[in-house]
Participant: 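Here you go, one structure.
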Number of protein chains: 2
Amino acid sequence: MKMRSQYTCPLEMTHDIIKGKWKPLIIWQLSKGGSSLSALKKSIRGISQKMLVQHLNELLECGVIGKLTNDGYPLKSEYFLTERGKRIFGAISIMQSIGIEMMLEDDREDFLKEKGLL
Amino acid sequence: MKMRSQYTCPLEMTHDIIKGKWKPLIIWQLSKGGSSLSALKKSIRGISQKMLVQHLNELLECGVIGKLTNDGYPLKSEYFLTERGKRIFGAISIMQSIGIEMMLEDDREDFLKEKGLL
DNA sequence: CAGCATCCCCACTGATACTG
DNA sequence: CAGTATCAGTGGGGATGCTG
């Protein structure tokens, strides 16, 4: 993942961390509790395993998530949010509520347009 | 700008809107008050005029910012945050504070490493 | 001052197949 | 189950120059 070599503003750092297409969803899922790779894959519709693993590794590098591995059989791994990750989830959570508001507004606009009122 | 054709989660909508490299910074600047193109260009270090105009247009399309134009001379335009934009600024603002915390933590780590304590 | 038109590169994404 | 390897498409980002 390409990060800026230097930051003009702290804001850019947070933005770089969550800018991947699937990162907010991964963080969202992990906020519900630790999860295995396969469980995450099932819960995030449309993500390929490669992209999931790649984004997980990037989040690991940034200290947003942590990982526990059981080397024996059955193979088992668990990803979870770190404290930093939980703080970032605060921002993600707000993005979620803004998204909900926007969808409601857009639906309302569509409804009015349908009725020829807009 | 490439948006998802459909959203599994409202979160993705907000994420798509602010995912551009310069969008958080533009919103950050506009939160201080309406601004002209050239003023924005000056206040955002490293942005090219093309990228600035492009991102502004995308934000206009999403209803995050608005624009006032004066066609006469001297040429003058003013961009500003809409209500939706102000709500999104709420999320941006949190990203900023998280960024500050992360930079402080990282600096602290670097400091400890320098001293051979980590 | 405000903004468009071109050309180019590479990072992000993704499909698919393989390994321990 | 939990990954790695390979190959390919595309669009986001940037440099530069032109227009009203």
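All values below come from the heavy atoms of this structure, side chains included, with hydrogens, waters and symmetry mates left out. By convention in this document, chain letters (A, B, ...) are assigned in the order of the sequence lines, proteins followed by strands, and residues within each chain are numbered from 1.
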Participant: Whole angstroms only, please: what is the CE-P distance between B/M1 and C/dC12?
Facilitator: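 To the nearest whole Å, that distance equals 16 Å.
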
Participant: Return no unless some side-chain N or O of B/S38 is found under 4.0 Å from OP1 or OP2 of C/dA2.
Facilitator: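 Yes, such a contact exists.
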
Participant: Return the value, rounded to whole Å, for the distance between atom CZ of B/R45 and atom C1' of D/dG14.
Facilitator: 17 Å

Participant: Let me confirm one number: the OG-CD1 distance from B/S31 to B/I88, rounded to the nearest 0.5 Å.
Facilitator: 13.0 Å

Participant: Of the nucleotides C/dC12, D/dT6, D/dG11, which has the atom closest to the A/K50 side chain?
Facilitator: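 Looking only at heavy atoms from C-beta outward on A/K50, the closest nucleotide is D/dT6.
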
Participant: Can you tell me if the side-chain N/O atoms of B/W22 get under 4.0 Å from OP1 or OP2 in D/dG12?
Facilitator: no

Participant: Can you check the B/I26 CD1 to D/dG12 C1' distance for me, whole Å?
Facilitator: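 Atom CD1 in B/I26 sits about 14 Å away from atom C1' in D/dG12.
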
Participant: Among C/dG3, C/dC1, D/dA2, which nucleotide has an atom closest to any side-chain atom of B/Y79?
Facilitator: C/dG3

Participant: To the side chain of A/H55, which of C/dT13, C/dA15, D/dG13 is closest?
Facilitator: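 Among C/dT13, C/dA15, D/dG13, the one nearest the side chain of A/H55 is C/dT13.
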
Participant: From the set D/dA15, C/dG14, D/dG12, return the single nucleotide nearest to any side-chain atom of B/S48.
Facilitator: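 Side chain of B/S48 sits closest to D/dA15.
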
Participant: What is the separation between atom NZ on A/K23 and atom P on C/dT13, rounded to the nearest whole Å?
Facilitator: 7 Å

Participant: Counting side-chain heavy atoms from C-beta on, which of C/dC12, D/dA15, C/dA2 comes nearest to B/S77?
Facilitator: C/dA2

Participant: To the nearest Å, give me how far apart CG (A/N57) and P (C/dT13) are.
Facilitator: 14 Å

Participant: Count the heavy atoms belonging to other residues, nucleotides or ligands that lie under 6.0 Å from CZ of B/R108, then report whether that count exceeds 12.
Facilitator: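 Not buried by this count: 12 neighbours or fewer within 6.0 Å.
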
Participant: Determine the sole option in A/L59, A/L56, A/I92 for which the side chain to side chain contact (heavy atoms under 4.5 Å, CB included) test with A/K23 is passed.
Facilitator: A/L59

Participant: What nucleic acid atoms does B/Q49 come within less than 4.0 Å of, heavy atoms only: base, sugar-phosphate, or nothing?
Facilitator: base

Participant: Rounded off to whole Å, could you give me the NZ-to-P distance for the B/K41 and D/dG14 pair?
Facilitator: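 For the pair B/K41 NZ and D/dG14 P, the rounded distance is 12 Å.
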
Participant: In whole angstrom, what separates B/M51's CE from C/dG3's C1'?
Facilitator: 14 Å

Participant: Which residue, B/I47 or A/E78, contacts DNA chain D at a nucleotide closer to its 5' end, judged by nearest heavy atom?
Facilitator: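 Nearest-nucleotide comparison on DNA chain D picks A/E78.
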
Participant: Rounding to a whole Å, what distance do you find between B/K2:NZ and D/dG13:C1'?
Facilitator: 16 Å

Participant: Starting at the 5' end of DNA chain C, which residue's closest nucleotide do you reach first, A/K21 or B/K42?
Facilitator: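 The residue mapped nearer the 5' terminus is B/K42.
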
Participant: Does the side-chain contact (heavy atoms from CB on, under 4.5 Å) test come out yes or no for B/I44 and B/W22, once each step is laid out?
Facilitator: CA-CA 9 Å; B/I44 302 177; B/W22 302 99; 3.8 Å; yes

Participant: Pick base, sugar-phosphate or nothing for A/T69, based on heavy-atom distances below 4.0 Å to the nucleic acid.
Facilitator: nothing

Participant: Would you indicate what B/K67 reaches in the nucleic acid, counting non-hydrogen atoms under 4.0 angstrom: base, sugar-phosphate, or nothing?
Facilitator: sugar-phosphate

Participant: Carefully, step by step, assess B/K67 and B/E61 under the rule salt bridge (charged side-chain N to carboxylate O under 4.0 Å, His left out).
Facilitator: CA-CA 11 Å; B/K67 178 183 178 181; B/E61 271 179 48; over 6 Å; no

